[in-house]
Peer 1: 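Below is the structure I would like to discuss, written out as structure tokens.
Small disclaimer: the values here were computed from a predicted structure and weren't measured.
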There are 2 protein chains.
Amino acid sequence: MPKSKSLPALRERDPDARRERILAAAGEVFAKAGFERGSVREISLKAQVNVASINYYFGSKAGLYREVLLVSHQLLLEQEPPPQLTEEPEQSLRAWIHFCLRFVLMKRSAHPVLGRLMAHEMHHPTAALGELVKMVIKPNFANLVKIVEALTKGSLDKAQQEMAAHQIIAMCVHFDHSREVIGRLGFAVPEAEAGIARLANSVAEMALRGLTSKKPQTKKKSLA
Amino acid sequence: MPKSKSLPALRERDPDARRERILAAAGEVFAKAGFERGSVREISLKAQVNVASINYYFGSKAGLYREVLLVSHQLLLEQEPPPQLTEEPEQSLRAWIHFCLRFVLMKRSAHPVLGRLMAHEMHHPTAALGELVKMVIKPNFANLVKIVEALTKGSLDKAQQEMAAHQIIAMCVHFDHSREVIGRLGFAVPEAEAGIARLANSVAEMALRGLTSKKPQTKKKSLA
DNA sequence: AGCGTTTATAAACAAGCGTTTTAAATTCAT
DNA sequence: ATGAATTTAAAACGCTTGTTTATAAACGCT
């Protein structure tokens, strides 16, 4: 299928460019509002494209969403490979937390809103969640669990390690998920490198101390 | 305004009962779907009431939502007063975390779904968020900060204390907010007392160690 | 040129939403 | 009992949603 980009048609009629425009616009809209709240009409308006084009190119709104969600994650994970467990578990954990916070908080130039896509998906799952979990979430979670395992070898069993991993993830995603409330409580959620690094440091401190310091004492809990 | 409950009308016509039925149904629907996604028609169906009754009694969908959100929180906070800082800061923190997790996770008989209401409000704020923050969130956050302050006096400044408080809240609300994904990663989010207490213990352990153990060393971070 | 396919658009469709209207019941006060 | 006020209910309104249909324009090809 030969392209005729060389001679510019009077009326714009480059399918690839239109497809890209739709994807970009959908990325913004879905990131802002999630799948259900994001409307195809707003997307078509932003992409300067007729509404019907969306169904023409992507079959349905759900098809477009799936494409946006998955390819954008693939792209980012290729550009910024997630940190693995190295010989220095402490540094690995710091790197993992920093990576996660960057992923979730940072306003990227390439894809300014990727974290929000996943946030919506986590809070309001769609049919695409399964693929996202398998492709992105599960592997990264497994990496984190390996790091935690290396840091707590012996002192925590598998279930406790996973629970701790969830707690660490909690401290990362919370600042995105509850951004509005956190802001109203007087805390400015960082969006740039410096602030994110500072937050990552604080989270890593708590995680490292919480994981590695000796168990204070296994005293009986006195329920109030 | 005299009530005529003594003689039961052939057709049910007790305004108070209807109002209560609407409130209960709205609680379920809004907790499940949030404000926007919850429809007045579903509520009217569940309450066995005409759609117009909702506007008759509450003015609008937003008015009904505000009523549901605020009075249900008031009721719960009267029944279960939130923990304050006592002479034993460690126990106070444990109690606070346990309270927060119960609030967020537990399926109550009185109001089975209260935590979900706030979760939706945090993730997708409505006009009622302001009141909720002022009434419920801000005071409880202030309590937590006081506890953290007592535990870290001297070693952390005010801003660091607040950041730590947010991290502790994160570990509590995450298990509700990201319930679906956490489930798919193989972790069963507890809904009953025993499991919640166990989770609260784990969170408290990490928080306490993270807050109170000495700073390991303020080494320069080596960014990957 | 002309034919067939691909692509683009406008318009219509069916369904759902919150709300309002209209009108019929029921209750209350006189 | 009769008239006014309150409460219920059905229907319609106006709007937005995702999708489909019908039509027209632009292209590749012979």
Peer 1: How are the rings of A:H123 and B:H120 set relative to one another: parallel (under 30°), tilted (30 to 60°) or perpendicular (over 60°)?
Peer 2: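 Perpendicular: the ring planes of A:H123 and B:H120 meet at over 60°.
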Peer 1: Tell whether B:R41 reaches the base of C:dG18 with its side chain through a donor-acceptor pair below 3.5 angstrom.
Peer 2: yes
Peer 1: Given atom CG of A:N55 and atom P of C:dA10, what is their separation to the nearest angstrom?
Peer 2: 16 Å
Peer 1: Which whole-number value in Å describes the distance from B:N50 CG to C:dT21 C1'?
Peer 2: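 Computing the B:N50:CG to C:dT21:C1' distance gives 13 Å.
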Peer 1: Using a heavy-atom cut-off of 4.0 Å across all strands, would you classify A:G59 as base, sugar-phosphate, or nothing?
Peer 2: nothing
Peer 1: Output the rounded distance in Å from NZ (B:K61) to P (C:dG18).
Peer 2: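 Rounding to the nearest Å, NZ of B:K61 and P of C:dG18 are 4 Å apart.
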Peer 1: Which nucleotide in the set D:dT17, C:dA10, D:dT7 lies at the smallest distance from any side-chain heavy atom of B:Y57?
Peer 2: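 Ranking D:dT17, C:dA10, D:dT7 by closest atom to the B:Y57 side chain puts D:dT7 first.
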Peer 1: Rounding to an integer number of Å, can you tell me how far A:Y56 OH sits from D:dT21 C1'?
Peer 2: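 Result: 15 Å.
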Peer 1: Taking atom C1' of C:dT9 as reference, at what distance in whole Å does atom CD1 of A:I22 sit?
Peer 2: 13 Å
Peer 1: Is any side-chain N of the basic residue among A:K61 and A:E36 closer than 4.0 Å to the acidic one's carboxylate O?
Peer 2: no
Peer 1: Checking A:H166 against B:F187 for the ring pair (Phe, Tyr, Trp, His ring centres under 6.0 Å) test, could you report, in this order, the C-alpha distance in whole Å, the side-chain angles of both residues, the deciding distance, and whether it holds?
Peer 2: CA-CA 9 Å; A:H166 284 299; B:F187 184 84; 5.3 Å; yes
Peer 1: Could you work out which one of D:dT7, C:dG18, C:dA8 sits closest to the side chain of B:V40?
Peer 2: C:dG18
Peer 1: Assess the side chains of A:Q160 and B:S202: does a donor N or O sit below 3.5 Å from an acceptor N or O?
Peer 2: no
Peer 1: What is the pairing partner of D:dA10, taking Watson-Crick or G-U wobble pairs with both distances under 3.5 Å in any strand?
Peer 2: C:dT21
Peer 1: Is any side-chain N of the basic residue among A:R116 and A:E28 closer than 4.0 Å to the acidic one's carboxylate O?
Peer 2: no
Peer 1: Separation of B:R37 atom CZ from C:dG18 atom P, in whole Å?
Peer 2: 13 Å
Peer 1: If I take atom CD in residue A:E36 and atom C1' in nucleotide C:dG16, what distance separates them, rounded to the nearest angstrom?
Peer 2: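 Rounding to the nearest Å, CD of A:E36 and C1' of C:dG16 are 13 Å apart.
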Peer 1: With heavy atoms under 4.0 Å as the rule, sort B:G63 into base, sugar-phosphate or nothing.
Peer 2: nothing
Peer 1: Rounded to whole Å, please give me the gap between CG in A:L45 and P in C:dT9.
Peer 2: 12 Å
Peer 1: Check every atom of D:dT8, C:dT19, C:dA8 against the side chain of A:R18 and return the nucleotide holding the closest atom.
Peer 2: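 The closest nucleotide is C:dA8.
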Peer 1: Look at all strands and tell whether B:S53 reaches a base, only sugar-phosphate, or nothing, counting heavy atoms closer than 4.0 Å.
Peer 2: nothing
